[in-house]
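What follows is a set of notes on a single structure, which appears directly below.
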Amino acid sequence: MSPGQAERAQAERDPVERHFGEVIAALDGHSPDGRGERPAGPGPIRDGSALTGQRCLELFDAQLASRHLDLAARWLRARGAGYYTIGSSGHEGNAGVAAALRITDPALLHYRSGAFYLARCQQATPPRDGVRDVLLGLAGAAEEPIAGGRHKVFGHQLLNVIPQTSTIASHLPRALGLAFALDRAARLGRPAGWPPDAIVAASLGDASLNHSTAAGAINAAAYCAYQRLPLPLLLVIEDNGIGISVRTPPGWVAAAAQTAAGFRYFHADGSDLAATYDAALAAAAWVRERRSPAFLHLAVVRFGGHAGSDVESGYRGAAVVAADLAADPLLGTARLLLTAGILTPAGVTARYEESRDRILGLAAEVAGSPRLATAAQVMAPLAPHHREQVWAGACLAAEPARRGGAFAGRLPEAADGLTLAQSINAALADALAARPGMLVFGEDVARKGGVYGVTRGLAQRFGAARVFDTLLDEQSILGLALGAGLAGLLPVPEIQYLAYLHNAADQIRGEAATLSFFSQAQYQNPLVLRIAGLAYQEGFGGHFHNDNALASLRDIPGLIIACPARPDDAAPMLRTCLAAAEADGRVCVFLEPIALYHTRDLHQAGDGGWLARYDPPGLWPAGFVPAGSARCHGNGRDLTIVTFGNGLRMSLRVAGRLAADRIGCRVLDLRWIAPLPAEDILREANVTGRVLVADETRRTGGVSEAIITTLSDAGFTGKTVRVTSEDSFIPLGDAAQVVLLSEASIESAARSLLPR
Ligand SMILES: Cc1ncc(C[n+]2csc(CCOP(=O)(O)OP(=O)(O)O)c2C)c(N)n1
């Protein structure tokens, strides 16, 4: 035995290991049928079960390996070589769930579904050594196959296991969306990367079931099932009766799951692999055949506390902990194999020790694996950009006959001038005509055509399968989009008002934006999220319809944020977002200033200065607007006004008045909040040496902070002033004007910057 082996062999045996060893040892020499080992065959492991002896033995190996990975996690942690100790011990019955599913069923796994992952690895052709995957994840190794050292997750593209974040239940809206999109994609003749009869499996803990994210996703699934919309979703609740230290009331999970409308309920004892497998087979068949959702409720136990650092004696009595030992799923499977005569007690022990030694040995091997070492390495998957493909995508139009049909012969370029809302409507129609896999959905977008008419007529022209109203739940709307993107469709969801993004923001921040990062872009969320937002609605609607909070979006790595102010920018910018989503899997937010939707004039009534012609496809290549490129209006040399959104119109009006006083302005419309057009800002700032930032967002956390910082970081030595909205929520009526950026404040700040 090498010194390393000796050290590993002595790795401390915790009470669970000791109990397992003692129970098996006590059986030694008392093999139930008195026989020795015999080959595991195709017959049932137990009368009445569909689980064969051979499969049971294989799954036992997955369960053993999962258990020993938990040991290895603690072993690595103790040596400063591992960074994650939340284990799967006690939950290993989930190997039986994996076995009952197909490898082609996409799976979104709970962090305790380690045995599921390893059992799925066995289903791969050729079988995969999932143990190494997991060890590399624990060690934060750059060669880990899914997250590449960015997180410890269960995930692999070849296994159709989609990596999850640590935010409990946050994967369920996506699971819902994927289940919805599998069948929708097939109906649109654009099959996803999974077979037409695939089902989506997502696992979660019992405490997680109470999270509003779970409740929302379950409700949305039930809502679909109630209307007989296909929704092949299997939710596996791994119920260990506790969430960190908080006990789940006994019976609560069954009570909650059994009464969920539209869901079928299945239950099994997770320490009995054959029972788990049989229940999972029945549940999977139900979901697969009926395309209808179901719960599979597994009673499991949790060994070793919540994570390696958790001292559970502080909140759980010794007797309770000890009682759980009897429900050890490894003992359960060992008993199945012993009873069937496939293993002897000595054989079980040998298998256990062999697995333990192998995995600790592999842990020692991966302990020193190279990790991500530079910011560039860490950030590589964040913001992919294939310039040529994005350009080509932004120029993609339907062939003329189809396009003519989509617009019923009334092409938008024939109109003299369109408003912002009309331009967006036309650009959406053009994109729907050119992209059969594009979906437009949200609250009120279909029959009504949007609260402001931006999606008017699209449902009638492109059909209810592609343009549809959703239930009133922003979280589910975004989940639908995440699933649709994963299924190969191009989702363009709408959030009705910016204020209502915030209650569902994690689906963008924690889910959409991180997927590429935690999967090295193997999984992406192509997505263009339209949000109506910002203020200036003549006092109507109060804060929740005039919200100007962009800070929660601005700091999301990799997110593209477009904010078109003018109709002639909106259409090409939307095309760029769609193309970036398609070509690079980018998550894009398209923020539409509500107050400008129907604006027609700029300086005076009837001047039509806020209308613009719509470019026909032949002009799209020349009119391409790359993400992060600003637009300069005017060429004055006295003052540069940097602005966006409603601020653009106000600033142009101020510039008009200043021009009458022979003050020459150039007004830079950022157009993109992210990536911020830093080069354009600097260039235009340097022309005049005087910069006025006119920002309708709040003084604190608003966009102006980024602009001033950009100038300062670049060593800009000219004068800078910023005018913003107040750090306030927006009141009703005329009072709104006293906290919002105004033309008067822009004008007086502009004059203050100029020599007297
Ligand atoms: C949204 C969110 N809130 C809090 C946490 C911290 N947290 C991690 S696991 C956990 C308990 C989850 O319990 P349960 O769903 O029963 O799963 P178990 O760990 O018992 O398998 C909590 C509160 C989190 N990860 N996500």
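Indexing begins at 1, ligand by ligand and atom by atom, following the structure's order. Being a predicted model, the structure only gives us computed values, none of them experimental.
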Of all the non-hydrogen atoms in the protein, which one sits nearest to [atom], and at what distance?
| atom | answer |
| --- | --- |
| atom 16 (O) of ligand 1 | Ala207 N, 2.9 Å |
| atom 15 (O) of ligand 1 | Ser208 OG, 2.5 Å |
| atom 7 (N) of ligand 1 | Ile244 CD1, 3.9 Å |

Heavy atom of Arg112, distance to ligand 1 below 4.0 Å: yes

Any heavy atom of Arg302 closer to ligand 1 than 4.0 angstrom? no

Working to the nearest 0.5 Å, report the span between CZ of Arg264 and CH2 of Trp286. 4.5 Å

Below 3.5 Å, N or O to N or O, backbone or side chain included: is there any such pair between Ile168 and ligand 1? yes

Considering only heavy atoms, does [X] approach ligand 1 within less than 4.0 Å through its side chain, its backbone, both, or neither?
| X | answer |
| --- | --- |
| Asp206 | both |
| Glu238 | neither |
| Ile242 | backbone |

Does Glu17 come within less than 4.0 Å of Arg67, counting only side-chain N to carboxylate O? no

Taking [X] for the side chain and [Y] for the main chain, is one N or O donor matched with an acceptor at less than 3.5 Å?
| X | Y | result |
| --- | --- | --- |
| Arg112 | Gly87 | yes |
| Arg586 | Val528 | no |
| Ser66 | Ala62 | no |

Going by the atom numbers of ligand 1, which of them fall below 4.0 Å from some non-hydrogen atom of [X]?
| X | value |
| --- | --- |
| Ser166 | 24 (C), 25 (N), 26 (N) |
| Tyr111 | 9 (S), 10 (C), 11 (C), 12 (C), 13 (O), 17 (O), 18 (P), 19 (O) |
| Thr167 | 1 (C), 26 (N) |
| Asn240 | 18 (P), 20 (O), 21 (O) |
| His91 | 21 (O) |

Intermediate values then yes/no, side-chain hydrogen bond (donor to acceptor under 3.5 Å, both in side chains), Thr165 and Thr514: CA-CA 8 Å; Thr165 67; Thr514 62; 5.9 Å; no

Verify atom 4 (C) of ligand 1: protein non-hydrogen atom under 4.0 angstrom away: no

Qualifying residue, where the test is side-chain contact (heavy atoms from CB on, under 4.5 Å) with Ser89 and the options are Asp328, Asp70, Leu69: Asp70

Step-by-step side-chain hydrogen bond (donor to acceptor under 3.5 Å, both in side chains) determination, Tyr500 to Glu443: CA-CA 11 Å; Tyr500 307 131; Glu443 291 150 14; over 6 Å; no

Under 6.0 Å between ring centres: does that hold for Tyr265 and Phe295? no

